There are 2 protein chains.
Amino acid sequence: MRADARRNRGRILVAARAVFAEHGIDAPMATVARRAGVGVATLYRRFPTRDALVRAAFAHQMETCARALTDALADPDPWRGFQRLFETVCELQREERGFPAAFVAAFPDSTAEHAQARERTERDLMTLVRRAQAAGALRADFHPSDLVVALLSHCGLVTALPHDGAASRRLVAYLLQSFRAEAAHRPLPPPSALSLRDVPIAADGSQRQRPSRA
Amino acid sequence: MRADARRNRGRILVAARAVFAEHGIDAPMATVARRAGVGVATLYRRFPTRDALVRAAFAHQMETCARALTDALADPDPWRGFQRLFETVCELQREERGFPAAFVAAFPDSTAEHAQARERTERDLMTLVRRAQAAGALRADFHPSDLVVALLSHCGLVTALPHDGAASRRLVAYLLQSFRAEAAHRPLPPPSALSLRDVPIAADGSQRQRPSRA
DNA sequence: TCCTAAGTGGACGGGATCGTCCGTTTAAAT
DNA sequence: ATTTAAACGGACGATCCCGTCCACTTAGGA
């Protein structure tokens, strides 16, 4: 890759994060290009689809999430690991605007090359949950899919209230408290049959409702 | 209003609910018109803006919400009233697809004629919360804005997983449990400064992130 | 039956975004 | 310095959606 090409690629990613944060994940591609000081053609050559751009722009945050999971498993205190994982991911969603949508959009990688990475993620999550339950900290009726449910609802909240960190922190605190074993007063309804790979996604990568436009 | 006009108005509302459920709240107006078997002009004459159409299409659900609040206040058991209100609104969001977005979009009626209705709603909510706290059922550090936070996050969840009633029910159960007084193990972070009228909304009525398109 | 005003529908101009094509520029190897 | 292939940028045609305008139709009273 030529030097100028590499430079432009970097500029595009910076611009994309800024534009996505300001105008949402499906801002016009031309806006990103202009902000990067680059022609549209250059943008399209580097990232053929909007989805590719979104993924690349938030790859760093994705890695942070993966690292958080590793760290959580490494924590000697299973509950603390669980708690920190949840808090870390939610903090990322809260701070990097545009990331929540990207986060949701990145899930259904089903066909993609990351199948094995995903396998591992799912297995790690399961391990984390089982361990915290065995330690008596996480309620026994907690289901791994509940973590996804919690993360998705938090995504929705920060999407609706992008500037309200207090609201996000409150939700996180409420949810964590209700995940504790002591909170298991009454039985829960049956868990979602959701597998991580089943999260349906908007074709355009947005989180909007049923984006399938006739 | 002429008979045929009234008939067409009804058809449009039915079509709008169907189309919004299937393609999201900002499906093309022409799609709604086609589905209703009328011309676009008729649609625009009856509902000059998309927002007006959305409001009218989901007016029934809105009234159900209002009634749920009244019922909640009338319930002799303050906690049961609170619980039922939350469950009822969430059930509505879960069952009528397209309603969550409409629900969020309807909030910032600030300038509108419904200012007084809104005043009353806010007051009623506050009363409901205080009453449930006085009864010792709702945790003392619950803030009225927490109910909005909970509803918005639930909106986000059903938007992301439109077909997963189980996930929605789980979230509702978790949240309700963490709202109980017995769950107040540890202090919560400070509440959101959110007033109901401050909920920022997408110009297009969608729930997508920062809709302000340059 | 006739009349008229309300109602209707489709065509149309305007505006926005997409993604490609192609002539020009430039990095970097020789 | 020369060369060449990679990289570039802007213009362009295609597509979509909005919202209005206008000529035609029809309900319902006289």
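Everything quoted here is computed from the prediction, not taken from an experiment.
Between the CG atom of A:Asn8 and the P atom of D:dG10 there is a distance of 12 Å, given to the nearest Å. Atom CD1 in A:Ile12 sits about 11 Å away from atom C1' in D:dC8, given to the nearest Å. As a whole-Å value, the separation of A:Arg9 CZ from D:dG9 C1' is 20 Å. Look at NE2 on A:His23: it is 15 Å from C1' on C:dT17, rounded to the nearest Å. Rounded to whole Å, atom P of D:dG19 lies 15 Å from atom CZ of B:Phe47.
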Take nucleotides 19-30 of chain C nucleotide by nucleotide from the 5' end and write B, S or -, depending on whether a protein heavy atom sits under 4.0 Å from the base, only from the sugar-phosphate, or from neither.
BBB----BSS--
Using residues 79-93 of chain B as the side-chain source, report each donor-acceptor pair under 3.5 Å to any protein atom, sequence neighbours left out, with the distance given to one decimal.
residue: B:Trp79; atom: NE1; partner: B:Gln83; partner atom: OE1; Å: 3.0
residue: B:Arg80; atom: NE; partner: B:Asp75; partner atom: OD1; Å: 3.4
residue: B:Arg80; atom: NE; partner: B:Asp75; partner atom: OD2; Å: 3.1
residue: B:Arg80; atom: NH2; partner: B:Asp75; partner atom: OD1; Å: 3.0
residue: B:Gln83; atom: NE2; partner: B:Glu87; partner atom: OE2; Å: 3.3
residue: B:Thr88; atom: OG1; partner: B:Arg84; partner atom: O; Å: 2.6
residue: B:Gln93; atom: OE1; partner: B:His154; partner atom: ND1; Å: 2.7

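A:Thr42 has no side-chain polar atom (N or O) that falls below the 4.0 Å cut-off from OP1 or OP2 of D:dA7. The side chain of B:Arg46 places an N or O atom within less than 4.0 Å of a non-bridging phosphate oxygen (OP1 or OP2) of C:dT8.
Of the N and O atoms on the side chains of B:Arg17 and B:Gln61, not one donor lies less than 3.5 Å from an acceptor on the other residue. Using modelled atom types, one finds a donor on one side chain and an acceptor on the other under 3.5 Å when comparing B:Asp164 with A:Ser192.
Taking the six-membered ring for Trp and thresholds of 30 and 60 degrees, B:Phe179 and B:Phe142 have ring planes more than 60 degrees apart, a perpendicular arrangement.
Residues A:Cys65 and A:Phe103 are in side-chain contact: their nearest non-hydrogen atoms beyond the backbone lie under 4.5 Å apart.
Closest approach of B:Ile25 to B:Phe20, counting heavy atoms only: O-CE2, 3.5 Å.
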